[in-house]
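Reviewing the structure listed below.
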Protein chains: 2
Amino acid sequence: MSDLLERLRGRGWRMTAQRRVVAEVLDGDHVHLTADEVHARAAARLPEISRATVYNTLGELVSLGEVIEVATDGRAKRYDPNAHRPHQHLVCSGCGTVRDVHPHGDPLADLPDAERFGFTVSQAEVTYRGLCPACA
Amino acid sequence: MSDLLERLRGRGWRMTAQRRVVAEVLDGDHVHLTADEVHARAAARLPEISRATVYNTLGELVSLGEVIEVATDGRAKRYDPNAHRPHQHLVCSGCGTVRDVHPHGDPLADLPDAERFGFTVSQAEVTYRGLCPACA
DNA sequence: TCCTACGATAGACAGAGTCCAAGTCAAGAA
DNA sequence: TTCTTGACTTGGACTCTGTCTATCGTAGGA
Ligand SMILES: [Mn+2]
Ligand SMILES: [Mn+2]
Ligand SMILES: [Zn+2]
Ligand SMILES: [Zn+2]
């Protein structure tokens, strides 16, 4: 994730300990943390980081296209650092685990013109639901 | 929607003015109201109906399978009386308008086994996003 | 008409997120 | 290295969405 820090520096970001630790917490595959989870993990490394700063930093990362927001349930949004490879999500109805998945085909192609109501449709988000091995 | 009221009566529902007006507000096509919108429209007909009753009634309708909950954004859930015909949603990124759509094909079939991580996948929800004619 | 269990109500409470005024500090200037 | 300053951080108040509870009211059967 140091490449992310490099990109951010290149964009003129002032590099603070808070921003660094938030970026570090978001490193990895299949990472889909809530803002409060990010805050908890960040606070383990930097105890006095505030919730407001976590929200600010996450919002900035989303604006820059480095992180995407995922709303899989009616609860807290999740923050996903896998922003450069398009993908969909598979969610366990039991425990809430989220995995990145890459379905075949283009879901946009399955929506006939007659079903577009004159909209300019630009994106299709697919959420698959089921039970993970542990919950089944 | 009087057929809905009939079904509810058949299920042993005590028929109150509040429940009747909530059911009436949910009548129509492409209806995707938030709980507060339902409350506002219900209160126009029955001024003293409470928020708690609206939430209770919506929750009961969802349990009975007469209404589905739709979470198109990270904000308030929307309540959809079109529960008997499976469909997906097309959402305007500008104004938030939601339309019911019926894509071709089965999105489940597009998810390869290798991308299922051992899950028992049972459902796929698709949200199409774009701009409606008015917002474009 | 009367009873009573089921439903409605107001308001307290909780979770998620936003906003603000005041204090702090990263990083360029000298 | 030290100075300066505007960008960043902070705690807490506030908003929005939703849940819960104690109390009151009433639909519908006896
Ligand atoms: Mn993801
Ligand atoms: Mn719908
Ligand atoms: Zn699970
Ligand atoms: Zn629109």
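In what follows, every chain begins at residue 1, and chains take the letters A, B, ... in the order their sequences are listed.
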Task: Contacts of type side chain to side chain donor-acceptor pair (under 3.5 Å), residue Thr97(B), not counting sequence neighbours - done: none
Task: Pairs flagged by salt bridge (charged side-chain N to carboxylate O under 4.0 Å, His left out) wherever residues 86-95 of chain B is involved - sequence neighbours left out - done: none
TODO: Can you run down the ring pair (Phe, Tyr, Trp, His ring centres under 6.0 Å) pairs that involve residues 12-48 of chain B, sequence neighbours left out, and say none if there aren't any?
DONE: Phe117(A)-His30(B), His32(B)-His89(B)
TODO: Kindly give the cluster partners of Ile68(B), where membership spreads through any ILVMFWY side chain lying under 4.5 Å from a current member.
DONE: Val70(B)
Task: Opening and closing nucleotides of DNA chain C in contact with chain A, under 4.0 Å to non-hydrogen atoms - done: dA16(C) to dA27(C)
Task: Pairs involving residues 126-136 of chain B, ordered by first then second residue, that meet side chain to side chain donor-acceptor pair (under 3.5 Å) (sequence neighbours left out) - done: Glu125(A)-Arg129(B)
Open item on the list: Filter on side chain to side chain donor-acceptor pair (under 3.5 Å), then keep only pairs touching residues 105-122 of chain B, sequence neighbours left out; what's left?
Closed with: His102(A)-Glu115(B)
- [ ] Just jot down the salt bridge (Lys or Arg N to Asp or Glu O under 4.0 Å) partners of Arg45(B), sequence neighbours excluded, or say none.
- [x] Glu24(B)
Open item on the list: Protein within reach of the bases, or only the backbone? For nucleotides 17-30 of chain D, mark each nucleotide 5' to 3' as B, S or -, using heavy atoms under 4.0 Å.
Closed with: SBBB-----BBS--
